[in-house]
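Comments concern the structure below.
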Amino acid sequence: MHALVAAMMALFIAVTPRAAGAGDLSIAPTDMKAIGTVDARFQSYNVEMVEVTGGRFWKPYARTRRAFDERDRYSERAPIDLANARLRRLAAALSPAYLRVSGTWANTTFFADAPRKPPPGFDSVLSRDQWRGVIDFARAVDAEILTSFAISSGSRDANGLWRPDQAQHLIDVTRALGGRIAAAEFMNEPTLSASNGAPAGYDANGYGRDFGVFRDWMSRAAPETLIVGPSSAGDVASPSGSGITTRDLLAASGPGLDRFSYHHYNAVSPRCGGRDDPSQVLSEKWLARTDATLAIYRDLRDEFEPGKPIWLTETADAACGGNPWDKTFLDTFRYLDQLGRLSRAGVQAVMHNTLAASDYGLLDEKTFRPRPNYWGALLWHRLMGTTVLDASVAAASGFHVYAHCHPALHGAVTLLAINISHDASHSLAVPLPSSRYTLGSTRLQAPTVQLNGHTLALTASGKMPNLIDRPMAAGSVRLAPETITFLVIPAAANAACF
(Lines give C-alpha, C1' and ligand atoms only; values in the text may rest on other atoms or scores of the structure.)
Protein backbone atom coordinates (compact mmCIF):
# COMPACT_ATOMS: atom_id res chain seq x y z
CA MET A 1 0.00 0.00 0.00
CA HIS A 2 2.85 2.36 0.86
CA ALA A 3 4.42 1.69 -2.55
CA LEU A 4 1.14 2.52 -4.30
CA VAL A 5 0.77 5.79 -2.39
CA ALA A 6 4.39 6.68 -3.17
CA ALA A 7 3.85 5.98 -6.86
CA MET A 8 0.73 8.14 -7.00
CA MET A 9 2.51 10.97 -5.19
CA ALA A 10 5.41 10.75 -7.63
CA LEU A 11 2.98 11.02 -10.53
CA PHE A 12 1.27 14.03 -8.91
CA ILE A 13 4.59 15.76 -8.42
CA ALA A 14 5.47 14.99 -12.05
CA VAL A 15 2.47 16.91 -13.36
CA THR A 16 2.96 19.99 -11.24
CA PRO A 17 4.35 22.97 -13.24
CA ARG A 18 7.23 25.06 -11.99
CA ALA A 19 9.49 27.81 -13.28
CA ALA A 20 11.93 26.73 -15.94
CA GLY A 21 15.28 25.67 -14.55
CA ALA A 22 18.79 25.94 -15.95
CA GLY A 23 18.97 22.20 -16.54
CA ASP A 24 15.72 21.96 -18.47
CA LEU A 25 15.69 20.96 -22.12
CA SER A 26 14.24 23.88 -24.03
CA ILE A 27 11.70 23.56 -26.82
CA ALA A 28 10.44 26.18 -29.26
CA PRO A 29 7.08 24.86 -30.53
CA THR A 30 6.39 27.91 -32.68
CA ASP A 31 9.64 27.54 -34.61
CA MET A 32 9.72 23.77 -35.16
CA LYS A 33 10.20 22.98 -38.83
CA ALA A 34 8.22 20.39 -40.76
CA ILE A 35 10.45 17.48 -41.79
CA GLY A 36 7.86 15.32 -43.53
CA THR A 37 4.38 13.86 -43.52
CA VAL A 38 2.95 10.40 -42.97
CA ASP A 39 -0.06 8.62 -44.43
CA ALA A 40 -3.39 9.50 -42.83
CA ARG A 41 -3.58 5.75 -42.07
CA PHE A 42 -0.08 5.73 -40.58
CA GLN A 43 -1.08 3.81 -37.45
CA SER A 44 -2.67 0.58 -38.62
CA TYR A 45 -2.99 -3.10 -37.69
CA ASN A 46 -3.17 -6.72 -38.82
CA VAL A 47 -5.96 -9.24 -38.48
CA GLU A 48 -4.17 -12.41 -39.54
CA MET A 49 -5.77 -14.61 -42.19
CA VAL A 50 -5.88 -17.50 -39.72
CA GLU A 51 -7.99 -15.35 -37.40
CA VAL A 52 -10.54 -14.91 -40.18
CA THR A 53 -10.65 -18.58 -41.17
CA GLY A 54 -10.10 -20.06 -37.74
CA GLY A 55 -7.27 -22.49 -37.09
CA ARG A 56 -4.09 -22.94 -35.10
CA PHE A 57 -2.43 -19.68 -34.08
CA TRP A 58 0.08 -18.66 -31.43
CA LYS A 59 -1.09 -19.93 -28.07
CA PRO A 60 -1.39 -17.23 -25.38
CA TYR A 61 0.85 -17.69 -22.36
CA ALA A 62 -0.60 -19.36 -19.29
CA ARG A 63 -1.45 -17.12 -16.36
CA THR A 64 1.28 -18.83 -14.36
CA ARG A 65 4.81 -17.92 -15.37
CA ARG A 66 5.92 -21.49 -16.02
CA ALA A 67 8.50 -22.12 -18.72
CA PHE A 68 6.98 -22.19 -22.18
CA ASP A 69 7.02 -25.52 -23.99
CA GLU A 70 8.03 -24.84 -27.61
CA ARG A 71 6.27 -28.05 -28.66
CA ASP A 72 2.97 -26.53 -27.47
CA ARG A 73 3.18 -23.21 -29.30
CA TYR A 74 -0.23 -23.22 -31.06
CA SER A 75 -3.85 -23.34 -29.96
CA GLU A 76 -6.98 -23.91 -31.98
CA ARG A 77 -9.34 -20.95 -32.30
CA ALA A 78 -12.65 -20.21 -33.90
CA PRO A 79 -12.86 -17.43 -36.51
CA ILE A 80 -12.72 -13.94 -35.00
CA ASP A 81 -16.11 -12.26 -34.62
CA LEU A 82 -15.63 -9.23 -36.83
CA ALA A 83 -19.26 -8.23 -36.26
CA ASN A 84 -18.65 -7.79 -32.51
CA ALA A 85 -19.84 -4.32 -31.49
CA ARG A 86 -17.01 -3.70 -29.02
CA LEU A 87 -14.34 -4.77 -31.50
CA ARG A 88 -15.78 -2.49 -34.17
CA ARG A 89 -16.14 0.44 -31.79
CA LEU A 90 -12.54 0.17 -30.59
CA ALA A 91 -11.15 -0.32 -34.10
CA ALA A 92 -13.15 2.64 -35.40
CA ALA A 93 -11.58 4.82 -32.69
CA LEU A 94 -8.20 4.27 -34.40
CA SER A 95 -9.45 5.01 -37.90
CA PRO A 96 -8.70 5.79 -40.62
CA ALA A 97 -6.38 2.79 -40.81
CA TYR A 98 -5.17 0.00 -43.03
CA LEU A 99 -6.47 -3.46 -42.18
CA ARG A 100 -3.91 -6.05 -43.27
CA VAL A 101 -5.32 -9.56 -43.68
CA SER A 102 -2.29 -11.70 -44.45
CA GLY A 103 0.41 -13.51 -42.47
CA THR A 104 2.06 -16.89 -42.84
CA TRP A 105 -1.23 -18.75 -43.06
CA ALA A 106 -2.41 -16.64 -46.02
CA ASN A 107 0.24 -18.27 -48.20
CA THR A 108 -1.62 -21.60 -48.06
CA THR A 109 -5.27 -20.47 -47.83
CA PHE A 110 -7.78 -21.52 -50.51
CA PHE A 111 -10.64 -19.11 -51.29
CA ALA A 112 -13.99 -20.85 -51.78
CA ASP A 113 -17.59 -19.76 -52.17
CA ALA A 114 -18.67 -22.11 -49.37
CA PRO A 115 -16.92 -23.90 -46.49
CA ARG A 116 -15.13 -27.08 -47.58
CA LYS A 117 -12.00 -29.06 -46.95
CA PRO A 118 -8.87 -27.50 -48.47
CA PRO A 119 -7.90 -29.09 -51.78
CA PRO A 120 -4.43 -30.60 -52.24
CA GLY A 121 -1.70 -27.99 -51.98
CA PHE A 122 -3.60 -25.83 -49.47
CA ASP A 123 -3.87 -25.96 -45.69
CA SER A 124 -7.01 -23.92 -44.93
CA VAL A 125 -10.09 -22.38 -46.53
CA LEU A 126 -11.39 -18.81 -46.55
CA SER A 127 -15.11 -18.79 -47.34
CA ARG A 128 -17.07 -16.11 -49.13
CA ASP A 129 -19.02 -15.35 -45.94
CA GLN A 130 -15.82 -14.95 -43.93
CA TRP A 131 -14.43 -12.56 -46.54
CA ARG A 132 -17.74 -10.69 -46.50
CA GLY A 133 -17.14 -10.24 -42.77
CA VAL A 134 -13.76 -8.64 -43.51
CA ILE A 135 -15.32 -6.27 -46.04
CA ASP A 136 -18.18 -5.33 -43.71
CA PHE A 137 -15.74 -4.78 -40.83
CA ALA A 138 -13.46 -2.59 -42.96
CA ARG A 139 -16.41 -0.51 -44.11
CA ALA A 140 -17.78 -0.13 -40.57
CA VAL A 141 -14.48 1.05 -39.06
CA ASP A 142 -13.11 3.11 -42.00
CA ALA A 143 -10.26 0.76 -42.81
CA GLU A 144 -8.70 0.05 -46.20
CA ILE A 145 -7.92 -3.60 -46.90
CA LEU A 146 -4.40 -4.85 -47.63
CA THR A 147 -4.08 -8.56 -48.32
CA SER A 148 -1.86 -11.16 -49.97
CA PHE A 149 -2.49 -14.31 -51.95
CA ALA A 150 -1.87 -18.03 -51.75
CA ILE A 151 1.43 -19.14 -53.28
CA SER A 152 1.55 -22.78 -52.14
CA SER A 153 1.78 -25.77 -54.47
CA GLY A 154 -1.99 -25.82 -55.01
CA SER A 155 -1.85 -22.39 -56.66
CA ARG A 156 0.56 -23.50 -59.40
CA ASP A 157 0.42 -25.10 -62.83
CA ALA A 158 2.16 -28.31 -63.89
CA ASN A 159 5.42 -26.40 -64.41
CA GLY A 160 5.30 -24.84 -60.93
CA LEU A 161 4.37 -21.36 -62.19
CA TRP A 162 2.05 -19.32 -59.99
CA ARG A 163 -1.51 -19.01 -61.36
CA PRO A 164 -3.71 -15.97 -60.54
CA ASP A 165 -7.06 -17.82 -60.67
CA GLN A 166 -7.49 -17.88 -56.88
CA ALA A 167 -6.47 -14.23 -56.60
CA GLN A 168 -8.81 -13.33 -59.45
CA HIS A 169 -11.70 -15.05 -57.67
CA LEU A 170 -11.00 -13.05 -54.50
CA ILE A 171 -10.90 -9.80 -56.48
CA ASP A 172 -14.15 -10.63 -58.27
CA VAL A 173 -16.01 -11.56 -55.09
CA THR A 174 -14.72 -8.45 -53.31
CA ARG A 175 -16.19 -6.26 -56.02
CA ALA A 176 -19.44 -8.24 -56.06
CA LEU A 177 -19.77 -7.66 -52.31
CA GLY A 178 -19.23 -3.92 -52.71
CA GLY A 179 -15.74 -4.01 -51.23
CA ARG A 180 -12.32 -2.84 -52.32
CA ILE A 181 -8.80 -4.17 -51.96
CA ALA A 182 -6.73 -1.03 -51.62
CA ALA A 183 -3.36 -2.75 -51.67
CA ALA A 184 -1.93 -6.23 -52.17
CA GLU A 185 1.33 -7.99 -51.40
CA PHE A 186 2.09 -10.95 -53.66
CA MET A 187 2.93 -13.20 -50.70
CA ASN A 188 3.87 -12.99 -47.05
CA GLU A 189 7.59 -12.99 -46.17
CA PRO A 190 9.21 -14.58 -49.24
CA THR A 191 12.59 -14.41 -47.50
CA LEU A 192 11.29 -17.11 -45.14
CA SER A 193 9.74 -19.20 -47.90
CA ALA A 194 11.28 -22.45 -46.64
CA SER A 195 8.91 -22.28 -43.63
CA ASN A 196 6.21 -20.14 -45.17
CA GLY A 197 4.18 -22.43 -47.39
CA ALA A 198 6.16 -22.07 -50.61
CA PRO A 199 6.95 -25.17 -52.69
CA ALA A 200 10.10 -27.12 -51.84
CA GLY A 201 13.19 -25.56 -53.38
CA TYR A 202 11.57 -22.17 -53.92
CA ASP A 203 14.25 -19.58 -54.64
CA ALA A 204 14.73 -16.01 -55.80
CA ASN A 205 14.46 -16.94 -59.46
CA GLY A 206 11.14 -18.64 -58.79
CA TYR A 207 9.96 -15.58 -56.94
CA GLY A 208 11.06 -13.27 -59.76
CA ARG A 209 9.21 -15.37 -62.30
CA ASP A 210 6.06 -15.49 -60.15
CA PHE A 211 6.17 -11.80 -59.33
CA GLY A 212 6.27 -11.01 -63.03
CA VAL A 213 3.05 -13.00 -63.51
CA PHE A 214 1.52 -11.25 -60.49
CA ARG A 215 2.53 -7.77 -61.65
CA ASP A 216 1.14 -8.29 -65.16
CA TRP A 217 -2.07 -9.80 -63.85
CA MET A 218 -2.59 -6.94 -61.36
CA SER A 219 -2.20 -4.35 -64.10
CA ARG A 220 -5.12 -5.95 -65.93
CA ALA A 221 -7.32 -7.28 -63.12
CA ALA A 222 -6.97 -4.55 -60.47
CA PRO A 223 -5.08 -1.49 -61.77
CA GLU A 224 -6.55 0.59 -58.93
CA THR A 225 -4.92 -1.63 -56.29
CA LEU A 226 -1.47 -0.67 -55.00
CA ILE A 227 1.21 -3.31 -55.43
CA VAL A 228 3.07 -3.58 -52.13
CA GLY A 229 6.17 -5.64 -51.44
CA PRO A 230 8.35 -7.50 -51.04
CA SER A 231 6.94 -8.01 -47.51
CA SER A 232 10.33 -9.26 -46.34
CA ALA A 233 11.55 -10.28 -42.92
CA GLY A 234 14.79 -11.55 -41.47
CA ASP A 235 17.41 -9.68 -43.49
CA VAL A 236 20.50 -8.68 -41.55
CA ALA A 237 23.21 -6.14 -42.17
CA SER A 238 25.79 -8.81 -43.07
CA PRO A 239 23.99 -11.74 -44.70
CA SER A 240 25.58 -15.15 -44.23
CA GLY A 241 25.00 -16.15 -47.83
CA SER A 242 22.41 -18.80 -47.02
CA GLY A 243 18.69 -18.50 -47.67
CA ILE A 244 16.84 -15.96 -49.81
CA THR A 245 17.65 -12.31 -49.19
CA THR A 246 15.53 -9.34 -50.17
CA ARG A 247 18.35 -8.25 -52.47
CA ASP A 248 18.01 -11.58 -54.29
CA LEU A 249 14.26 -11.11 -54.61
CA LEU A 250 14.41 -7.55 -55.90
CA ALA A 251 17.18 -8.33 -58.35
CA ALA A 252 15.16 -11.25 -59.73
CA SER A 253 11.77 -9.52 -59.88
CA GLY A 254 12.71 -6.11 -61.27
CA PRO A 255 10.75 -2.94 -60.49
CA GLY A 256 7.00 -2.77 -60.14
CA LEU A 257 6.15 -1.81 -56.57
CA ASP A 258 3.93 1.11 -55.57
CA ARG A 259 4.88 0.75 -51.90
CA PHE A 260 8.02 -0.86 -50.47
CA SER A 261 7.12 -3.09 -47.51
CA TYR A 262 9.10 -4.93 -44.87
CA HIS A 263 8.53 -6.59 -41.48
CA HIS A 264 10.28 -6.01 -38.18
CA TYR A 265 10.17 -7.59 -34.75
CA ASN A 266 12.59 -6.66 -31.99
CA ALA A 267 12.93 -10.33 -31.07
CA VAL A 268 11.28 -13.75 -31.26
CA SER A 269 9.11 -15.01 -28.45
CA PRO A 270 9.76 -18.10 -26.29
CA ARG A 271 7.37 -20.00 -28.58
CA CYS A 272 10.09 -19.94 -31.22
CA GLY A 273 13.09 -20.17 -28.93
CA GLY A 274 13.51 -16.55 -27.80
CA ARG A 275 15.05 -15.98 -24.37
CA ASP A 276 14.95 -12.22 -23.93
CA ASP A 277 14.96 -10.56 -20.53
CA PRO A 278 12.36 -7.84 -19.84
CA SER A 279 15.03 -5.84 -18.00
CA GLN A 280 16.54 -4.88 -21.38
CA VAL A 281 13.30 -3.47 -22.84
CA LEU A 282 13.80 0.07 -21.50
CA SER A 283 17.23 0.44 -23.03
CA GLU A 284 18.54 2.48 -25.93
CA LYS A 285 19.87 -0.67 -27.59
CA TRP A 286 16.46 -2.39 -27.52
CA LEU A 287 14.55 0.59 -28.86
CA ALA A 288 17.13 1.29 -31.57
CA ARG A 289 16.55 -2.11 -33.18
CA THR A 290 13.74 -0.63 -35.25
CA ASP A 291 16.21 1.91 -36.71
CA ALA A 292 18.71 -0.80 -37.64
CA THR A 293 16.11 -2.81 -39.53
CA LEU A 294 14.75 0.25 -41.32
CA ALA A 295 18.26 1.17 -42.45
CA ILE A 296 18.67 -2.21 -44.17
CA TYR A 297 15.38 -1.98 -46.06
CA ARG A 298 15.64 1.72 -46.85
CA ASP A 299 18.98 1.08 -48.56
CA LEU A 300 17.37 -1.70 -50.60
CA ARG A 301 14.45 0.57 -51.47
CA ASP A 302 16.85 3.26 -52.60
CA GLU A 303 18.73 0.82 -54.79
CA PHE A 304 15.83 -1.06 -56.41
CA GLU A 305 12.69 1.08 -56.01
CA PRO A 306 13.98 4.64 -55.46
CA GLY A 307 11.44 7.12 -54.19
CA LYS A 308 8.75 4.56 -53.37
CA PRO A 309 7.02 5.15 -49.99
CA ILE A 310 7.99 2.68 -47.26
CA TRP A 311 5.38 0.70 -45.32
CA LEU A 312 6.12 -1.49 -42.30
CA THR A 313 3.30 -3.99 -42.82
CA GLU A 314 3.93 -6.26 -39.85
CA THR A 315 5.53 -5.40 -36.54
CA ALA A 316 5.40 -5.97 -32.80
CA ASP A 317 7.84 -6.53 -29.97
CA ALA A 318 8.37 -10.23 -30.64
CA ALA A 319 7.46 -12.58 -33.49
CA CYS A 320 5.53 -15.80 -32.81
CA GLY A 321 2.77 -14.19 -30.78
CA GLY A 322 4.72 -11.76 -28.63
CA ASN A 323 6.75 -11.87 -25.41
CA PRO A 324 5.06 -12.44 -22.04
CA TRP A 325 5.23 -8.71 -21.25
CA ASP A 326 3.80 -7.48 -24.55
CA LYS A 327 0.28 -7.16 -23.10
CA THR A 328 1.58 -4.95 -20.26
CA PHE A 329 2.55 -1.31 -19.94
CA LEU A 330 6.21 -2.23 -20.44
CA ASP A 331 5.74 -2.72 -24.19
CA THR A 332 3.96 0.62 -24.63
CA PHE A 333 7.34 2.36 -24.46
CA ARG A 334 8.56 0.38 -27.48
CA TYR A 335 5.26 0.77 -29.31
CA LEU A 336 5.06 4.57 -29.08
CA ASP A 337 8.79 5.11 -29.44
CA GLN A 338 8.70 3.04 -32.63
CA LEU A 339 5.90 5.19 -34.05
CA GLY A 340 7.89 8.30 -33.20
CA ARG A 341 11.12 7.03 -34.74
CA LEU A 342 9.53 5.73 -37.93
CA SER A 343 7.38 8.79 -38.60
CA ARG A 344 10.46 10.97 -38.15
CA ALA A 345 12.35 8.69 -40.57
CA GLY A 346 9.67 8.99 -43.25
CA VAL A 347 7.97 5.57 -43.00
CA GLN A 348 4.42 6.12 -44.21
CA ALA A 349 2.44 3.32 -42.53
CA VAL A 350 3.04 1.01 -39.56
CA MET A 351 0.80 -2.05 -39.18
CA HIS A 352 0.86 -3.58 -35.72
CA ASN A 353 0.49 -7.33 -35.39
CA THR A 354 -2.20 -7.88 -34.18
CA LEU A 355 -5.41 -6.02 -33.43
CA ALA A 356 -6.77 -8.76 -31.18
CA ALA A 357 -4.91 -12.07 -31.17
CA SER A 358 -2.31 -13.67 -28.87
CA ASP A 359 -0.13 -11.68 -26.48
CA TYR A 360 0.89 -8.91 -28.86
CA GLY A 361 -2.72 -7.91 -29.65
CA LEU A 362 -3.81 -4.37 -28.88
CA LEU A 363 -6.97 -5.96 -27.49
CA ASP A 364 -7.50 -9.13 -25.45
CA GLU A 365 -8.56 -11.85 -27.89
CA LYS A 366 -11.37 -13.22 -25.70
CA THR A 367 -12.93 -10.06 -24.24
CA PHE A 368 -11.70 -7.43 -26.72
CA ARG A 369 -10.78 -5.28 -23.72
CA PRO A 370 -8.01 -2.76 -24.41
CA ARG A 371 -4.48 -3.45 -23.29
CA PRO A 372 -1.99 -0.67 -22.48
CA ASN A 373 -0.76 -0.50 -26.09
CA TYR A 374 -4.30 0.23 -27.25
CA TRP A 375 -4.53 3.27 -24.98
CA GLY A 376 -1.15 4.44 -26.30
CA ALA A 377 -2.43 3.95 -29.86
CA LEU A 378 -5.60 5.91 -29.09
CA LEU A 379 -3.66 8.86 -27.68
CA TRP A 380 -1.35 8.84 -30.69
CA HIS A 381 -4.35 8.83 -33.02
CA ARG A 382 -6.06 11.72 -31.25
CA LEU A 383 -3.02 13.89 -30.63
CA MET A 384 -0.34 13.24 -33.30
CA GLY A 385 -1.19 14.47 -36.78
CA THR A 386 0.31 13.64 -40.16
CA THR A 387 2.80 16.54 -40.30
CA VAL A 388 6.06 15.55 -38.60
CA LEU A 389 8.14 18.27 -36.97
CA ASP A 390 11.76 18.54 -35.91
CA ALA A 391 11.50 18.65 -32.11
CA SER A 392 15.05 20.12 -31.97
CA VAL A 393 15.63 18.76 -28.48
CA ALA A 394 19.20 17.96 -27.56
CA ALA A 395 19.74 14.21 -27.27
CA ALA A 396 19.61 12.84 -23.75
CA SER A 397 20.18 9.20 -22.90
CA GLY A 398 16.94 7.62 -21.74
CA PHE A 399 14.76 10.51 -22.89
CA HIS A 400 13.17 10.78 -26.35
CA VAL A 401 11.06 13.64 -27.70
CA TYR A 402 9.03 13.59 -30.93
CA ALA A 403 6.84 16.36 -32.35
CA HIS A 404 3.89 16.47 -34.77
CA CYS A 405 1.26 18.98 -35.68
CA HIS A 406 -1.98 18.30 -33.83
CA PRO A 407 -4.49 16.54 -36.12
CA ALA A 408 -7.38 18.92 -35.41
CA LEU A 409 -6.19 22.16 -33.79
CA HIS A 410 -4.83 24.66 -36.31
CA GLY A 411 -1.34 25.82 -35.42
CA ALA A 412 -1.11 23.45 -32.44
CA VAL A 413 1.89 21.23 -31.75
CA THR A 414 1.94 17.92 -29.88
CA LEU A 415 5.07 16.59 -28.20
CA LEU A 416 5.57 12.95 -27.29
CA ALA A 417 8.12 12.70 -24.47
CA ILE A 418 9.24 9.21 -23.41
CA ASN A 419 11.33 8.79 -20.26
CA ILE A 420 12.76 5.26 -20.23
CA SER A 421 15.00 5.92 -17.23
CA HIS A 422 14.25 3.82 -14.17
CA ASP A 423 15.22 6.53 -11.69
CA ALA A 424 15.97 9.87 -13.39
CA SER A 425 13.44 12.60 -14.12
CA HIS A 426 13.77 14.94 -17.08
CA SER A 427 12.32 18.40 -17.54
CA LEU A 428 11.17 20.40 -20.54
CA ALA A 429 11.01 24.18 -20.58
CA VAL A 430 7.70 24.79 -22.36
CA PRO A 431 7.19 28.50 -23.16
CA LEU A 432 3.40 28.26 -23.57
CA PRO A 433 0.50 26.65 -21.68
CA SER A 434 -0.12 23.03 -22.59
CA SER A 435 -2.43 20.10 -22.00
CA ARG A 436 -0.75 17.07 -20.52
CA TYR A 437 -1.52 13.37 -20.93
CA THR A 438 0.88 11.20 -18.92
CA LEU A 439 0.78 7.41 -19.05
CA GLY A 440 2.24 5.58 -16.09
CA SER A 441 1.72 2.51 -13.97
CA THR A 442 2.46 1.29 -10.47
CA ARG A 443 4.58 -1.46 -12.05
CA LEU A 444 5.95 -1.82 -15.54
CA GLN A 445 4.52 -5.28 -16.18
CA ALA A 446 1.01 -4.35 -15.12
CA PRO A 447 -1.89 -5.19 -17.48
CA THR A 448 -3.38 -1.73 -16.87
CA VAL A 449 -2.19 1.82 -17.35
CA GLN A 450 -3.03 5.14 -15.70
CA LEU A 451 -3.63 8.43 -17.50
CA ASN A 452 -2.68 11.33 -15.24
CA GLY A 453 -3.13 8.97 -12.28
CA HIS A 454 -6.49 7.46 -13.30
CA THR A 455 -6.73 3.88 -14.56
CA LEU A 456 -7.92 3.63 -18.14
CA ALA A 457 -10.71 1.12 -18.72
CA LEU A 458 -13.95 0.82 -20.59
CA THR A 459 -17.03 1.91 -18.69
CA ALA A 460 -19.43 -0.62 -17.19
CA SER A 461 -21.48 -0.38 -20.38
CA GLY A 462 -18.41 -0.95 -22.55
CA LYS A 463 -18.06 2.66 -23.70
CA MET A 464 -14.82 4.57 -24.11
CA PRO A 465 -13.75 6.61 -21.05
CA ASN A 466 -13.00 10.31 -21.31
CA LEU A 467 -9.28 10.91 -21.83
CA ILE A 468 -8.94 13.87 -19.51
CA ASP A 469 -5.92 16.10 -19.83
CA ARG A 470 -4.19 18.09 -17.09
CA PRO A 471 -3.72 21.82 -17.90
CA MET A 472 -0.14 23.01 -17.49
CA ALA A 473 1.05 26.58 -17.16
CA ALA A 474 4.03 27.79 -19.15
CA GLY A 475 7.27 26.79 -17.49
CA SER A 476 9.15 23.66 -16.56
CA VAL A 477 7.36 20.34 -17.02
CA ARG A 478 8.92 17.50 -15.10
CA LEU A 479 8.67 14.02 -16.57
CA ALA A 480 8.96 11.24 -14.04
CA PRO A 481 10.95 8.04 -14.66
CA GLU A 482 9.19 5.26 -16.59
CA THR A 483 6.44 7.50 -17.97
CA ILE A 484 5.16 8.51 -21.39
CA THR A 485 3.76 12.01 -21.88
CA PHE A 486 1.89 13.74 -24.69
CA LEU A 487 1.95 17.54 -24.42
CA VAL A 488 -0.47 19.50 -26.61
CA ILE A 489 0.47 23.16 -27.10
CA PRO A 490 -2.64 24.82 -28.60
CA ALA A 491 -1.17 28.34 -28.90
CA ALA A 492 2.04 27.29 -30.65
CA ALA A 493 0.95 29.04 -33.88
CA ASN A 494 3.39 26.89 -35.82
CA ALA A 495 3.27 27.88 -39.49
CA ALA A 496 3.56 24.25 -40.62
CA CYS A 497 0.44 23.31 -38.65
CA PHE A 498 -2.15 25.54 -40.31
Side-chain angles (χ1 to χ4, degrees), residues 45-51 55-77 80 102-105 107 188-189 191-192 194-197 232-236 243 262-290 292-293 312 314-335 337-338 351-367 369 371-374 376 420 422 441 443-449 482:
Y45 49 81
N46 281 252
V47 173
E48 293 250 355
M49 184 66 80
V50 68
E51 295 180 69
R56 289 166 59 78
F57 192 58
W58 306 116
K59 183 178 182 178
Y61 298 107
R63 290 182 180 273
T64 58
R65 292 298 181 91
R66 60 178 173 80
F68 193 86
D69 184 352
E70 293 178 35
R71 297 167 298 178
D72 187 29
R73 63 178 67 174
Y74 301 113
S75 62
E76 194 73 28
R77 64 190 62 216
I80 187 172
S102 180
T104 298
W105 286 260
N107 286 349
N188 183 72
E189 296 180 351
T191 44
L192 306 180
S195 59
N196 216 8
S232 292
D235 290 87
V236 294
Y262 74 102
H263 296 174
H264 167 75
Y265 292 91
N266 269 27
V268 296
S269 80
R271 297 177 188 83
C272 295
R275 296 291 184 269
D276 292 297
D277 189 327
S279 65
Q280 66 185 307
V281 172
L282 296 192
S283 70
E284 296 292 352
K285 185 176 181 180
W286 185 267
L287 297 177
R289 290 183 180 186
T290 196
T293 301
L312 175 52
E314 191 177 308
T315 188
D317 175 57
C320 304
N323 274 318
W325 60 82
D326 287 359
K327 56 189 174 186
T328 75
F329 178 54
L330 180 58
D331 189 49
T332 307
F333 291 84
R334 177 210 57 82
Y335 179 76
D337 189 73
Q338 183 182 44
M351 302 175 197
H352 178 77
N353 204 24
T354 61
L355 176 61
S358 200
D359 293 275
Y360 48 22
L362 298 176
L363 308 173
D364 179 86
E365 67 181 44
K366 293 183 178 179
T367 66
R369 292 188 181 278
R371 290 172 169 165
N373 276 356
Y374 177 84
I420 62 173
H422 295 291
S441 186
R443 59 186 180 90
L444 285 173
Q445 293 191 56
T448 57
V449 63
E482 300 175 349

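Residue numbers count from 1 along this sequence.
With S441 contributing its side chain and R443 its backbone, the two residues share a donor-acceptor pair below 3.5 Å. Between the side chain of E51 and the backbone N or O of I80 there is no donor-acceptor pair closer than 3.5 Å. At least one donor-acceptor pair closer than 3.5 Å links the side chain of T315 to the backbone N or O of H264. For the pair D337 (side chain) and R334 (backbone), a donor-acceptor distance under 3.5 Å is absent. With hydrogens and angles disregarded, no donor-acceptor distance shorter than 3.5 Å links the side chain of N188 to the backbone of S102. Distance alone, capped at 3.5 Å, places no donor-acceptor pair between the R371 side chain and the N373 backbone.
Between S75 and W58 the shortest side-chain heavy-atom distance does not fall below 4.5 Å. Two residues are said to be in side-chain contact when any heavy atoms from C-beta on lie closer than 4.5 Å; K327 and S358 fail this criterion. Contact of the N323 side chain with the P270 side chain is registered, since non-hydrogen atoms from C-beta on lie closer than 4.5 Å. Side-chain contact check for F329 versus Q445: every heavy-atom pair is 4.5 Å or farther apart.
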>> Pair L282, L287 - check side chain to side chain contact (heavy atoms under 4.5 Å, CB included), show working.
In response: CA-CA 7 Å; L282 296 192; L287 297 177; 5.8 Å; no
>> One pair to check against side chain to side chain contact (heavy atoms under 4.5 Å, CB included): K59 and Y74. What are the steps and the verdict?
In response: CA-CA 5 Å; K59 183 178 182 178; Y74 301 113; 5.5 Å; no
>> Working note: T104 + N196, criterion side chain to side chain donor-acceptor pair (under 3.5 Å); need CA distance, chi angles, decisive distance, verdict.
In response: CA-CA 6 Å; T104 298; N196 216 8; 3.2 Å; yes
>> Pair M351, E314 - check side chain to side chain contact (heavy atoms under 4.5 Å, CB included), show working.
In response: CA-CA 5 Å; M351 302 175 197; E314 191 177 308; over 6 Å; no
>> For Q280 and K285: C-alpha separation, side-chain torsions, deciding distance, then whether side chain to side chain contact (heavy atoms under 4.5 Å, CB included) applies.
In response: CA-CA 8 Å; Q280 66 185 307; K285 185 176 181 180; over 6 Å; no
>> Checking E48 against T354 for the side chain to side chain donor-acceptor pair (under 3.5 Å) test, could you report, in this order, the C-alpha distance in whole Å, the side-chain angles of both residues, the deciding distance, and whether it holds?
In response: CA-CA 7 Å; E48 293 250 355; T354 61; over 6 Å; no
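To the nearest 0.5 Å, atoms SG (C320) and OH (Y265) are separated by 8.5 Å. The distance from the OG atom of S283 to the CZ atom of F333 is 12.5 Å, given to the nearest 0.5 Å. Between the CZ atom of R73 and the CZ atom of R271 there is a distance of 10.0 Å, given to the nearest 0.5 Å. Atom CG of D235 sits about 11.5 Å away from atom NE2 of H263, to the nearest 0.5 Å. Note that CZ of R289 is 4.5 Å distant from CH2 of W286, once rounded to the nearest 0.5 Å. Y374 contributes atom OH, which lies 6.5 Å from atom CG of L363 (distance to the nearest 0.5 angstrom).
For the side chain to side chain contact (heavy atoms under 4.5 Å, CB included) with D331, the lone residue among D317, D359, N266, L444 that qualifies is D317.
The two atoms that bring A267 and D276 nearest to each other are CB-OD2, 2.9 Å, heavy atoms only. The two atoms that bring P372 and T328 nearest to each other are CG-C, 3.7 Å, heavy atoms only. Between T293 and Y262, the shortest heavy-atom contact is CG2-CE1, 3.8 Å. When every heavy atom of G55 is checked against every heavy atom of E76, the shortest pair comes out as CA-OE2, 3.4 Å.
Ring centers of F57 and W105: under 6.0 Å apart, within the cut-off.
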